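Note sheet for the following structure.
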Number of protein chains: 2
Amino acid sequence: MPPRTPLDADAVLAATEDILRRHGPDKATVVDVARALGVSHAAVYKHFASKQALREAVTRRWLDRNRDTLAGIAADRAVPPAQRLRSWLHAVLTVKQAKIREDPELFAAYGILAAAHSSVATGHVADLLGQLTAIIADGAADGTFRTDDAAATARVVFTATARFHHVAHAAEWQNPGIEDELDEVCSLLLEGLQNN
Amino acid sequence: MPPRTPLDADAVLAATEDILRRHGPDKATVVDVARALGVSHAAVYKHFASKQALREAVTRRWLDRNRDTLAGIAADRAVPPAQRLRSWLHAVLTVKQAKIREDPELFAAYGILAAAHSSVATGHVADLLGQLTAIIADGAADGTFRTDDAAATARVVFTATARFHHVAHAAEWQNPGIEDELDEVCSLLLEGLQNN
DNA sequence: TAGGTAACAGGTGTCAAACTTTGTAACCTG
DNA sequence: CAGGTTACAAAGTTTGACACCTGTTACCTA
C-alpha cells in the first residue's frame, strides 16, 4: 500500500536526520529510516543511490543551514575588512560550537565524512575559503591588506586558524579561553596582513 | 630461576619498544614483553606500576630522542631569530614526519596518549613551547620581534602552526606541498611579529 | 630485602554461528 | 512510468562460549 502523501527526497532527508539524532551515526540504518516513514527500505533506495549518498545529503543540508549567516558577515561591506575578518572567524567558531552542542550525533556524522575525504567536507571547506577570499580581496582592494593573491592568502589564514574550525580540534572548542586564543591569533595575523 | 643479568627498567623499556614495533600498539601485551625478556610478566610489574605507565615511559623516551636536535636549533644564537623560528618550525615538522615514517606503531601509541591528555603529551608540548619561547625572547631582546610577553606570543605562534605539529593533522604531513604551506604561514606570522 | 616466581580473579579480546543490513532485481499499480 | 512492493544474495554485525591479559597476592631465594 503506497502512502497517502508520496515519498519525496526531502521527507527522506528529514526522517534520516531524526533517526541519526536518536540512534547515533553508528546505529542508524536505512531500515530504521524506512520504518519511520512507513515504507519499505527499498523505497528509500529509489531516492538515494546508497546509504553513503543519503548520509552525505543529510550532512550537506545540515551544514548549509548556517551558510547564510556566515556569508552575510563575509559580504557585509559596511564593516571594514580587518574587523570583518575577525568577526567572521569568530562566527565560524561560534557556529561550529553551536552545532556540536545542539547536534552531537550529526556532528559526529560530519566528522566521519570529513575523515573519509568526502566531497561534502571538501565542498564545505571550499565554501568557507571562498567567503574568506572575498573578505581578503575587499581588504586588498581598499588598501587595508597587502597581498597580490587573495585566494592564496585566504588559504594561509585558514590554515593558521585550523585549531578554531578543523573538526579534529572540536574537543578544544569547549575550552573556556578558546575565544581569547582566537583573538590573539587574529591580532597577529592582522598585523602581518595589514599595511603599516 | 632468576636471569643471569638482573632485569632493570631500561631493559624493560627497550624490550617493550621492540614488541610495540613488531606487534603494534593494540596487540602488544605485558606478557609478550616478559616473554621477550625470559621472565614472568609479574616481574615487569616490579618496575612499572601498570601497562599504561610502561607505555608512557616508552613514549617519553622515544619523544626525548629528538629533543636535542630541536633544542640545538632553538638555542643557536648564530642564526638570527626570524630565520631560526622558520628553521625550527620546519625541523619540528621534519622530525615528526620521520617519526611517523620510521615508527608508525610508536607514533600511533603516542597519538593514543595525546588523545587521553596524558602527561607525556602535555609535557612534550610544554617542552616545544619552551624552545619556541626562547627563540621569540631572543628576537624580542635584539629588537627583531615586537612582543612584551614571549611565552604568550610563542603560544600564539604554536597555535597558528598546529596543522604542522598537532598529531590530529598527522595524515596531512604526507601531502607533497606541506613544507611550502608551512613556509607561507611562517612568512605571514613573521610579518606580524617583526618590527618594520 | 630487592627482585624474582606461580596462581588467580576479573576484565577484555577472539572466533564462529546466527542474525541484520545493504543493495539489487523482478514485479505490481494509480 | 514514477514510485512503490516483496524476495534475495553478499557483506557486516551481534552474540556467547572460551582463551588470554592485567594487575594482585602470597610466597621464595640470593
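What you see is a predicted model; the values in this text were computed from it and never measured. Numbers restart at 1 for each chain; the letters A, B, ... are given by sequence-line order, proteins then strands.
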With B:Thr59 via side chain to side chain donor-acceptor pair (under 3.5 Å) - residues at least two apart: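 Listed in chain order: nothing, the list is empty.
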Return the set of residues passing side chain to side chain donor-acceptor pair (under 3.5 Å) with B:Thr147 (not counting sequence neighbours), or none when no residue passes. B:Thr153
Can you check the [X] [atom1] to [N] [atom2] distance for me, whole Å?
X       : N      : atom1 : atom2 : result
A:Asp8  : D:dA2  : CG    : C1'   : 13 Å
B:Gln52 : D:dC21 : CD    : P     : 19 Å
A:His23 : C:dT21 : NE2   : P     : 11 Å
A:Asp32 : C:dT21 : CG    : C1'   : 10 Å
A:Lys51 : C:dT20 : NZ    : C1'   : 11 Å
A:Arg55 : C:dG23 : CZ    : C1'   : 16 Å
A:His47 : D:dG3  : NE2   : P     : 6 Å
B:Arg35 : C:dT5  : CZ    : C1'   : 17 Å

If you measure from CG on B:Leu193 to CG on B:Leu188, what distance do you get to the nearest 0.5 Å?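 Output value for this atom pair is 10.5 Å.
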Short of 4.0 Å, heavy atom to strand atom, which residues of residues 103-112 of chain A count as contacting DNA chain D? none
Looking at C:dG4, I'd like to know if its phosphate oxygens (OP1 or OP2) sit under 4.0 Å from a side-chain N or O belonging to B:Ser40. no
Can you tell me if A:His41 touches the phosphate of C:dT20, counting only side-chain N or O atoms and a distance under 4.0 Å to OP1 or OP2? no
Considering only residues two or more places apart or on different chains, which pairs with a residue in [range] satisfy ring pair (Phe, Tyr, Trp, His ring centres under 6.0 Å)?
range                       : result
residues 123-142 of chain B : B:Tyr110-B:His124
residues 11-38 of chain B   : none
residues 147-170 of chain B : A:His166-B:His169, A:His169-B:His166, A:His169-B:His169, B:Phe158-B:His165

For a quick test of your reading: what N or O donor-acceptor pairs under 3.5 Å do the side chains of residues 97-104 of chain A make, sequence neighbours left out?
from     : atom 1 : to       : atom 2 : distance (Å)
A:Gln97  : NE2    : A:Trp173 : O      : 2.8
A:Lys99  : NZ     : A:Trp62  : O      : 2.9
A:Lys99  : NZ     : A:Asn66  : OD1    : 2.7
A:Asp103 : OD1    : A:Arg21  : NH1    : 2.7
A:Asp103 : OD2    : A:Arg21  : NH1    : 2.7
A:Asp103 : OD2    : A:Trp62  : NE1    : 3.3

Can you pull out how bent the helix from C:dT1-D:dA30 to C:dG30-D:dC1 is, comparing the axes over its first five and last five pairs, to 10°? 30°
Which residues satisfy the salt bridge (charged side-chain N to carboxylate O under 4.0 Å, His left out) test with B:Asp64, sequence neighbours excluded? B:Arg67
Partner residues of A:Glu172 under the salt bridge (charged side-chain N to carboxylate O under 4.0 Å, His left out) criterion, sequence neighbours left out: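 With sequence neighbours excluded, A:Glu172 shows a salt bridge (charged side-chain N to carboxylate O under 4.0 Å, His left out) to A:Arg163, given in chain and number order.
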Tell me which donor-acceptor pairs under 3.5 Å the side chains of residues 34-46 of chain B have, and how far apart each pair is, sequence neighbours excluded?
from    : atom 1 : to      : atom 2 : distance (Å)
B:Arg35 : NH2    : B:Asp32 : OD1    : 2.9

Readout for nucleotides 12-20 of chain D: B = base within 4.0 Å of protein heavy atom, S = sugar-phosphate only, - = neither; 5' to 3' it is ---------
In terms of side-chain heavy atoms of [X], which of [options] is nearest?
X       : options               : result
A:Val39 : C:dT5, D:dT22, D:dT5  : D:dT5
A:Ala42 : D:dT6, D:dG4, C:dG4   : D:dT6
A:Tyr45 : D:dT5, C:dG23, D:dT22 : C:dG23
B:Val30 : D:dT6, D:dT22, C:dG23 : D:dT22

For B:Val31, report the nucleic acid contact type (base, sugar-phosphate, nothing); a contact means any heavy atom under 4.0 Å.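 Result for B:Val31 = base.
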Answer with base, sugar-phosphate or nothing: what part of the nucleic acid does A:Lys46 contact at a heavy-atom distance below 4.0 Å? base
Lys/Arg-Asp/Glu bridge criterion (N-O < 4.0 Å) met for B:Glu17, B:Arg61: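 Looking at B:Arg61 together with B:Glu17, the answer is yes, because their closest N to O distance falls below 4.0 Å.
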Answer yes if the side chains of A:Thr16 and A:Arg55 hold a donor-acceptor pair under 3.5 Å, and no otherwise. no
